[in-house]
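Structure first, commentary second.
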Amino acid sequence: MAEKIMLVDGNSIVNRAFYGVPLLTNAEGQYTNAVYGFFHILLKLMEEDRPDYLAVAFDLHAPTFRHETFAEYKGTRKGMPEELRQQMPLLKEVLRAMNVPIYEKEGFEADDLLGTLSRKAQEMGWTPILVSGDRDLLQLAEENVKVRIPKTKGGRTEVEDYFAKDVMEKYGVTPTEFIDVKALMGDASDNIPGVPGIGEKTAVKIIQQYHDLETAIAHTAEIKPKKASENLAEFQEQARLSRYLATIIRDVPVELERECGRADGIFTPEAYQWMKKLEFKSMLPRFEKEQAPSAAVESSFRKIDTKKDAKVFFDNLKKEETAYLLIQDQGAWQGMGVYQKDCGGVWLEIGGDLSEEELLGCADEFLRDKAWKKIGHEVKADVHLLYAHGYEDFSADFDTALAAYLMNPTANSYAYDDLARDFLAEACPSYEEVLGKGKSKKALSDLSMEERRDFCAKQAEVCFRAKAVLQQKLEENQQELLFYEVEMPLLYVLADMERWGMKVDRQALLAYQKTLGERVEEVSRQVYEMAGEEFNLNSPKQLGMILFKRLGLKGGKKTKTGYSTAADVLEKLRPEHPIIDKILEYRQLAKLKSTYADGLLAVLDEKTDKIYSTFHQTITATGRISSTEPNLQNIPIRLELGRELRKVFIPSSPEFCFLDADYSQIELRVLAHIAGDETLIEAFRQKQDIHRLTASQVFHVPFDEVTSLQRSNAKAVNFGIVYGIGAFSLSQDLGITRKEAENYIQQYFLKYPKIKEYLDRTVKEAEENGYVSTILNRRRAMPELQSKNFVQHAFGERVAMNMPIQGSAADIIKIAMIQVHRALKEGGFRSRLILQVHDELLIETAMEEKEAVEKILKEKMEQAVTLSVPLDVDVHEGNTWFEAK
DNA sequence: TTTTTCACG
DNA sequence: ACGTACGTGAAAAAA
């Protein structure tokens, strides 16, 4: 059988890929979606066709012979988007790493190179397969020359294949005649003029009859629609020109290299490194398979599953740096992975001859003795597991997940496979890859002993080796203080908060639920009555139909699926119809019932009547913590009815009460400090009302004559500054015109020039460095600022302005939490830190400790860091959370 | 699984 | 001309 060569139009495929795959970036902020899509398509096609050779052709920027003939050629083309342009050199680099020959020739397009190479291939007795994203290439189809046109949509690639007969079938003309059709109809995308008034239909009809342009011109008079006949007569030169432009040249001076570009040679180690660097996880297995076709390597990992061996192992374990992993699966502890420099990876499995308690018995000294420097991953989970077995203050020295989070807080996950890829540049199978997902998900215990040993011990190895890299990077980034003195100690504080939980008055919550249930019923009945029918009031789609169709209210489309029924939209419709009021009331009640009353009861512990939230330390982009199952950081407070809910949160014992401390204006204080704005700093030092001050500055009124409306408007301006202000949004928020909002902002910057300078400087530095950072050197990468897309770039600017402020505030309260926790512990208090809500700490305290604890709380929070402005903390006490605010 | 809505700082 | 404030998580509907 003849050898096959796949010839690819690089530009058109990478274009398709770019628009078919959503924008992706890797950890370095490099856009990768087009390159990903390109190889996704290429590998798929290669698998299907199994070509022996491979080559890719590209256009050059330089004008081609077509431009010299016709200056307007491709004149309507827009430039490549910046996000794609950046990926072009990358794509070529990877292709070179794969030893794929790249063809580029000044004065010619990729099409011409493909036409020429395909002819030369045929002369050598090879069968060409042509791959392109556009149909121009169809003119090259032959009886055994296939043209393949891949389409990527929604992550799936479909391919249309054309041999000569397929072109005939679909277009009714031969591939060669296809050129003549194009000469008549033109091509808008390439700006080929064609003949006016002749479109695809007419052009095909004419060519079917006369087979080529010249014959058609010779018979112009006979051509049917009169308009077409006249125009062909008048524009015959333009048609000839179009034909010339549309014809792919097949004798470009290039040589087809026989030996380079073997299709089976693309899976090189260099290419593999690129795939890892670009985070193309799904492509890695292909490369691994190709690289190590058969080598059945002996596992270097050891398994221990008897008490005797475990004892010997731990007795001989050297007192040096050790990665340990307490592996849990399906809610149960499965065993322990251990890795040291010399002993390598070991898997200690809980099961037949080694129980949990026996393993702990053997590992006891290791777990307790600080002489072992312990490297863990998600150590908070280990703290909980070991606490349940009587280890009250287990601690580790390095949490690789926390360190990885500091390297890039916007990553989706910090699992072992992520560590391996990002910090070791190698592939490690993920849980999903090993155990599957969804229905067919396996348990760790379903694996064979060898698989389990290798998988778990490998994780310990990755953890150990990644630590060295992370440690180095923490040092380079000057993040050691942040890591060792903030994030690591905080983990134990969060573990204590999670373990302690928060007590709830179950009866009060049930009563609240019942009241809400009744009111939800009542209000929904009223809504149905006013609407004239029953419908699903929770469905925005159905509600939209009722409001905007049945009742004929005028609502602008807002969402991508239909009418928006969000509260701010309904609010504007309030005067139009009394139903709106009821709907808003329903929404409020339904939210409180489903999310809060029902939601909290669902997670309320039967035995203790406590709620045990989980606090996440590696989720947010700014350094805040988050809370789930339930989220205790968004318990209602702004509206009275919701605020009532806080009455059900009570201290864990009747002798206790709550102390709630919150930072006053922490973000604005941080801003004043970072920007060094004297006016603002002085105002905070004088304990001035900051919103009132802003109002007097922006609205040019004496401080004492500021009205309450002016003050609240100024408050919105201050908020806007912190979020990275925009005139439009401020105007929306305040219900004023955009012009007025612009004026407010302008006045603000006039009075606080240092703030303006700071915001500008931050964005500029973010663009230059690629990241922004907080007072403790917490970083966030800013790939958005590389975008030429207006919306994305503007978003990036706002993020750059906001992150240092929000993030520094997060740094500060984290320090306060650690110090408060430590002081309570060292002072032997019974008081406990219960909750953090970004600028607020909640403690429950025994009556006799109250005053001492209040002092600790306020002082530790206010003294957490020293800024050029004082930090001010308000403390309230109460017997419920409601009272303590 | 994604979208819409809404609760918090 | 673009489409619009920063950071979260949960419930319900729609796809």
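Each chain gets a letter, A, B and so on, in the order the sequences are listed, and its residues count up from 1.
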Ring centroid separation Tyr748(A) to Tyr752(A) under 6.0 Å: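 Aromatic pair counts; centres sit under 6.0 Å.
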(Q) Centroid separation under 6.0 Å, is that true for the rings of Phe649(A) and Phe882(A)? (A) no
Atom [atom1] of [X] and atom [atom2] of [N]: how far apart are they, to the nearest Å?
{"X": "Asn802(A)", "N": "dG7(C)", "atom1": "CG", "atom2": "C1'", "result": "7 Å"}
{"X": "Leu671(A)", "N": "dA5(C)", "atom1": "CG", "atom2": "P", "result": "20 Å"}
{"X": "Gln588(A)", "N": "dA11(C)", "atom1": "CD", "atom2": "P", "result": "18 Å"}
{"X": "Leu641(A)", "N": "dC8(B)", "atom1": "CG", "atom2": "C1'", "result": "16 Å"}
{"X": "Tyr744(A)", "N": "dA5(C)", "atom1": "OH", "atom2": "C1'", "result": "17 Å"}
{"X": "Tyr586(A)", "N": "dC6(B)", "atom1": "OH", "atom2": "C1'", "result": "14 Å"}
{"X": "Gln542(A)", "N": "dA12(C)", "atom1": "CD", "atom2": "C1'", "result": "12 Å"}
{"X": "Ile583(A)", "N": "dC6(B)", "atom1": "CD1", "atom2": "P", "result": "11 Å"}

Does OP1 or OP2 of [N] have a side-chain N or O of [X] closer than 4.0 Å?
{"X": "Ser539(A)", "N": "dA14(C)", "answer": "yes"}
{"X": "Arg638(A)", "N": "dG9(B)", "answer": "yes"}
{"X": "Ser564(A)", "N": "dT4(B)", "answer": "no"}
{"X": "Ser626(A)", "N": "dG9(C)", "answer": "yes"}

Which part of the nucleic acid, if any, lies within reach of [X] when heavy atoms closer than 4.0 Å are counted: base, sugar-phosphate only, or nothing?
{"X": "Glu667(A)", "value": "nothing"}
{"X": "Ile619(A)", "value": "sugar-phosphate"}
{"X": "Asp598(A)", "value": "nothing"}
{"X": "Arg798(A)", "value": "sugar-phosphate"}
{"X": "Ala809(A)", "value": "nothing"}
{"X": "Arg780(A)", "value": "sugar-phosphate"}
{"X": "Ile637(A)", "value": "sugar-phosphate"}
{"X": "Val722(A)", "value": "nothing"}
{"X": "Ala621(A)", "value": "sugar-phosphate"}
{"X": "Asn634(A)", "value": "base"}

Would you measure the distance from the [atom1] atom in [N] across to the matching atom in [M] and give it in whole Å?
{"N": "dG3(C)", "M": "dT4(B)", "atom1": "P", "result": "15 Å"}
{"N": "dC6(B)", "M": "dC2(C)", "atom1": "C1'", "result": "28 Å"}
{"N": "dT3(B)", "M": "dT4(C)", "atom1": "P", "result": "14 Å"}

Ignoring the backbone of [X], work out which of [options] is nearest its side chain.
{"X": "Arg587(A)", "options": "dC6(B), dA11(C), dT4(B)", "value": "dC6(B)"}
{"X": "Phe795(A)", "options": "dA5(C), dT8(C), dG7(C)", "value": "dG7(C)"}
{"X": "Pro636(A)", "options": "dG7(C), dC8(B), dT4(B)", "value": "dC8(B)"}
{"X": "Thr565(A)", "options": "dA14(C), dT5(B), dT4(C)", "value": "dT5(B)"}
{"X": "Gln806(A)", "options": "dC8(B), dG7(C), dA10(C)", "value": "dG7(C)"}
{"X": "Ser729(A)", "options": "dA14(C), dT4(C), dA10(C)", "value": "dT4(C)"}
{"X": "Lys591(A)", "options": "dG9(C), dA5(C), dC8(B)", "value": "dG9(C)"}
{"X": "Pro540(A)", "options": "dG9(C), dA13(C), dA5(C)", "value": "dA13(C)"}
{"X": "Lys541(A)", "options": "dA11(C), dC2(C), dA14(C)", "value": "dA14(C)"}
{"X": "Asn631(A)", "options": "dA10(C), dT5(B), dG9(B)", "value": "dA10(C)"}

Is there a donor and acceptor pair, one atom on the side chain of Asp733(A) and one on the base of dA5(C), closer than 3.5 Å?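 Yes.
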Check: With no hydrogens and no angle check, is any side-chain donor or acceptor of Lys380(A) less than 3.5 Å from a backbone partner on Phe615(A)?
Finding: yes
Tightest non-hydrogen contact, residues Ser808(A) and Val670(A), listed as CB-CG1, 3.6 Å
Whichever of His838(A) and Gly599(A) has its nearest DNA chain C nucleotide further upstream toward 5':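 Result: His838(A).
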request  = Evaluate the ring planes of Phe548(A) and Tyr563(A), with Trp represented by its six-membered ring, and classify them as parallel (under 30°), tilted (30 to 60°) or perpendicular (over 60°).
outcome  =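 Tilted, since the angle between the ring planes falls between 30° and 60°.
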Across every strand shown, the nucleotide meeting Watson-Crick or G-U wobble geometry with dT2(B) (both distances under 3.5 Å) is dA13(C)
Note to self: For a salt bridge (Lys or Arg N to Asp or Glu O under 4.0 Å) check, start with the C-alpha distance between Arg643(A) and Glu640(A), then their side-chain angles and the critical distance, and finish with the verdict.
What the structure shows: CA-CA 5 Å; Arg643(A) 193 174 194 156; Glu640(A) 193 47 46; 5.1 Å; no
Validate the cation-pi geometry between Arg779(A) and Tyr771(A): distance from NZ or CZ to the six-membered ring centre under 6.0 Å, angle to the ring axis within 45°.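 Yes, cation above the ring, under 6.0 Å and within 45°.
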Next on the checklist: When you compare the side chain of Lys788(A) with that of His793(A), does any pair of heavy atoms fall below 4.5 Å?
Outcome noted: no
**Asked** Is Phe728(A) stacked on the base of dT4(C), meaning ring centres closer than 5.5 Å and planes within 30 degrees of each other?
**Response** yes
